[in-house]
Protein chains: 2
Amino acid sequence: MSAMFRVRPDVLQALTGAILRAAGVDAVQAADVADNLVWHELVGRPNFGLLRLPLYVARVHAGGLRTPCTPRFVAETGAVAVLDGDGGFGQHVMRLACDRAAELAEAHGIGTVAVRNSNFFGSGAFFAARLADRGQASMVMSNAFPKVAPHGGTKPALGTNPFAFGAPRADGRHVLFDMATSAVAGSTVREAELAGAALPDGAAVDADGRVTSDPSVVAALLPAGGAKGFGMALMVETLTGVLAGATVASGVKSMYRDVGEPGGNGHVVMALNVEAFGAMGDFDARFDALADDVRAGGDAVRLPGEVRWDTLRDNTTAGVPLHDATLVAIARACEATGVEADLAPAA
Amino acid sequence: MSAMFRVRPDVLQALTGAILRAAGVDAVQAADVADNLVWHELVGRPNFGLLRLPLYVARVHAGGLRTPCTPRFVAETGAVAVLDGDGGFGQHVMRLACDRAAELAEAHGIGTVAVRNSNFFGSGAFFAARLADRGQASMVMSNAFPKVAPHGGTKPALGTNPFAFGAPRADGRHVLFDMATSAVAGSTVREAELAGAALPDGAAVDADGRVTSDPSVVAALLPAGGAKGFGMALMVETLTGVLAGATVASGVKSMYRDVGEPGGNGHVVMALNVEAFGAMGDFDARFDALADDVRAGGDAVRLPGEVRWDTLRDNTTAGVPLHDATLVAIARACEATGVEADLAPAA
């Protein structure tokens, strides 16, 4: 990592938007995707950031991401809605879903939107943070291309099916918790393979079903904690695939392998308006007491989200540090779209 | 286990109700608790069954469980309600909460009830199964007496904070997934200590914060999968404690240690009416496809819930097998309440 090479977030935002628009992405999607990618850079999650720009450009060019797209609500009953994403960017489609879920939660106390015909949406934490800004707790989840074996099995059947939770804090440093339901994320395998590093014990099996720590021979990941991760992954698939009417399990496409095909991913967001349950001040005071209890559990304890908000504060002030791999990705995306990068230094 | 000693479920149900009523429990609570305990025996989860009868009798006698109790809805907004459990049995209070959540979900597509001033409710799977019988998917969770260290810490701060999910199947063999967010459940430690067995690696620490597999020196359990289980436990505490306005973390009482004191536990149920998202037949067909994908992952793979429904079928026909410890518990509860047990053989 080039720790000294930092770029101002507004510069990254403008560059990302320019690359996406030059790739042919409509202005609305380009703005949503740029917001999403730059937020991940700001909070120190570069794997969901600009690193994937060349892939997104390639997917737009090959027809795997539709632009312009016209998502529409195909069902709406009380506090529930179903959104057909029309094959657009997950970052855009899920932004629409979360905005609607927030409105539903404001009207009914809770709101749920299930999404079909979408694509990879980045991290659930981004959307949970947006909802927390509106005073809402939320769960955010998505299915994904199958590469995780069920508990007791050795062949891929479910995606890494991420699950995220957020809850608002008065100071804006919201609770943010985000996990893959597999022992390790797909990106961890790619990174370990590039780095020649070993995977943690019990995270994957090879083609013969033997547990392996060699990222180059992984045939299936294993669920986090065996039955627990499997149960969570199945819950996510049941809600985001089966309930949402999205593509289910083996039908979901890989964004890497199937560059020209829509993923078909499904997502679900459940938003809870804190003030429907009681005063926000009481919620915040009770959470302060909980935070004190948790911190008393050990000196090294951090609440979920704290590291991200610290990183966001630092990167907003000092500029976003760009990994070498991210710099290369930006250069490649610029080449593919004819955009000239102008990465002004942060200071 | 006395595998040959089986008792008909209706006999167990009548006996459990008689013991509870003789302990002074009102008829409504006694019926709910008996339903709940016998269901757990039927599905092969005796730890949530009659084994705890002597404890419940002792808690009623000592004032730790209020009877009669008058739970009331203290807030209701759209699809959301808050229930004050008035210190009653969790099995009763949560039954009321789930019935209301189901009505809200029928009216609004989704319904959520947050519960405060309750007590230990058994397993979330019981309630998820009830809601699945009504065509609803659900999440069910509860906070608990703190005995789990936060990730990165060594002192107890959170409960084992269970999380359950259910989804309806047309054949009644619903998806049921239920987990402690700690590496092992509290009951696992008690059972290991009685049996002189070791705990799994990485499940607990001693008073000096060292990882231990000796159940007799456990000072704190560790979260399942480190940060993942911690994040889930914190989510459960945020919703069931902080959002519900229940007792939070260090304030929750132990049902074992604080026999004369109400637990103060909080619960949350979120019920989703499947038909608000689309036709039940389509949901079921898509789930069949998912089940096929999952089963293709390996010969030994079982979907969450399958073992329970197999056990329920067997025990309904052949009678409930009673462990030695359960027989002793029944005898003790009978002694404490003056009830004469009449355990007619099943055959």
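A note on names: the letters A, B, ... follow the listed sequences, proteins ahead of strands, and every chain is numbered from 1. Scope of the values below: all heavy atoms of this structure, side chains included, with no hydrogens, waters or symmetry mates.
Contact count against chain B (heavy-atom pairs under 4.5 Å) is highest for A:Gly109 among A:Ala81, A:Gly251, A:Gly298, A:Gly109. Chain A forms the most heavy-atom pairs under 4.5 Å with one residue out of B:Met179, B:Met235, B:Lys155, and that residue is B:Met235. Among B:Ala114, B:Ala137, B:Ala180, the residue with the largest count of heavy-atom pairs under 4.5 Å with chain A is B:Ala180. Ranked by heavy-atom pairs shorter than 4.5 Å toward chain A, the options B:Thr181, B:Val74, B:Leu303, B:Val248 are led by B:Val248. Most heavy-atom pairs under 4.5 Å with chain A, from the set B:Val274, B:Val80, B:Val242: that is B:Val242. Counting heavy-atom pairs under 4.5 Å between each of A:Ala276, A:Gly278, A:Ala75 and chain B puts A:Ala276 at the top.
Relative orientation of the A:His108 and B:His108 rings is tilted, given thresholds of 30° and 60° on the angle between their planes.
Using a distance-only test at 3.5 Å, with no hydrogens or angles considered, a donor-acceptor pair links the side chain of B:Asp293 to the main chain of A:Ser250. Counting only distance, with no hydrogens or angles, the side chain of A:Lys228 and the backbone of B:Asp178 share no donor-acceptor pair below 3.5 Å.
Using a 4.5 Å cut-off between heavy atoms, A:Arg295 makes no contact with chain B at all. Neither the backbone nor the side chain of B:Val148 comes within contact range of chain A; no heavy atom of the residue lies under 4.5 Å from a heavy atom of that chain. Using a 4.5 Å cut-off between heavy atoms, B:Ala227 contacts chain A through its backbone alone, with no side-chain atom that close. For chain A, the nearby parts of B:Leu290 are the backbone and the side chain; heavy atoms of each come within less than 4.5 Å. For A:Ala224, the part sitting under 4.5 Å from any heavy atom of chain B is the side chain, from C-beta outward, and nothing else. Neither the backbone nor the side chain of A:Ala220 has a heavy atom closer than 4.5 Å to any heavy atom of chain B. Residue A:Met232 touches chain B through both its backbone and its side chain, counting heavy-atom pairs closer than 4.5 Å. Looking at A:Val301, the atoms closer than 4.5 Å to chain B (heavy atoms on both sides) sit in the backbone and in the side chain alike. In this structure, no portion of B:Leu176 lies under 4.5 Å from any heavy atom of chain A. In this structure, the portion of A:Val82 lying under 4.5 Å from any heavy atom of chain B is its side chain and not its backbone. Proximity to chain A (any heavy atom under 4.5 Å) is shown, for B:Ala164, by neither the backbone nor the side chain.
Listed here is the closest heavy atom pair of B:Ala167 and A:Thr238: CB-CG2, 3.8 Å. Shortest non-hydrogen contact noted between B:Ala300 and A:Gly152 is CB-O, 3.8 Å. For the pair B:Phe230 and A:Pro304, the tightest heavy-atom approach, listed with the atom from each and the gap, is CE2-CD, 4.0 Å.
Two residues are said to be in side-chain contact when any heavy atoms from C-beta on lie closer than 4.5 Å; A:Phe277 and B:Arg116 fail this criterion. Within the 4.5 Å cutoff, the side chain of A:Leu234 has no heavy atoms near those of the B:Phe165 side chain.
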**Prompt:** Step by step, would you call B:Leu272 with A:Leu239 a side-chain contact (heavy atoms from CB on, under 4.5 Å)?
**Reply:** CA-CA 10 Å; B:Leu272 294 140; A:Leu239 296 176; 3.9 Å; yes
**Prompt:** Checking side-chain contact (heavy atoms from CB on, under 4.5 Å) for the pair A:Met270/B:Met139: CA distance, chi angles, key distance, verdict?
**Reply:** CA-CA 11 Å; A:Met270 306 173 76; B:Met139 297 182 191; 3.8 Å; yes
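Under a cut-off of 6.0 angstrom, the local environment of CG in A:Asp201 is sparse, with at most 12 non-hydrogen atoms contributed by other residues, nucleotides or ligands. Within a 6.0 Å radius of CG in B:Asp299, no more than 12 heavy atoms belonging to other residues, nucleotides or ligands are found.
One finds the OG1 atom of A:Thr112 at 12.0 Å from the CG atom of B:Asn273 (value rounded to the nearest 0.5 Å).
Applying a 4.5 Å heavy-atom cutoff, the residues of residues 279-289 of chain A that approach chain B are A:Phe283, A:Arg286, A:Phe287.
When the options A:Ile110, A:Leu104, A:Thr77 are evaluated for a side chain to side chain contact (heavy atoms under 4.5 Å, CB included) with B:Ile110, the one that passes is A:Ile110.
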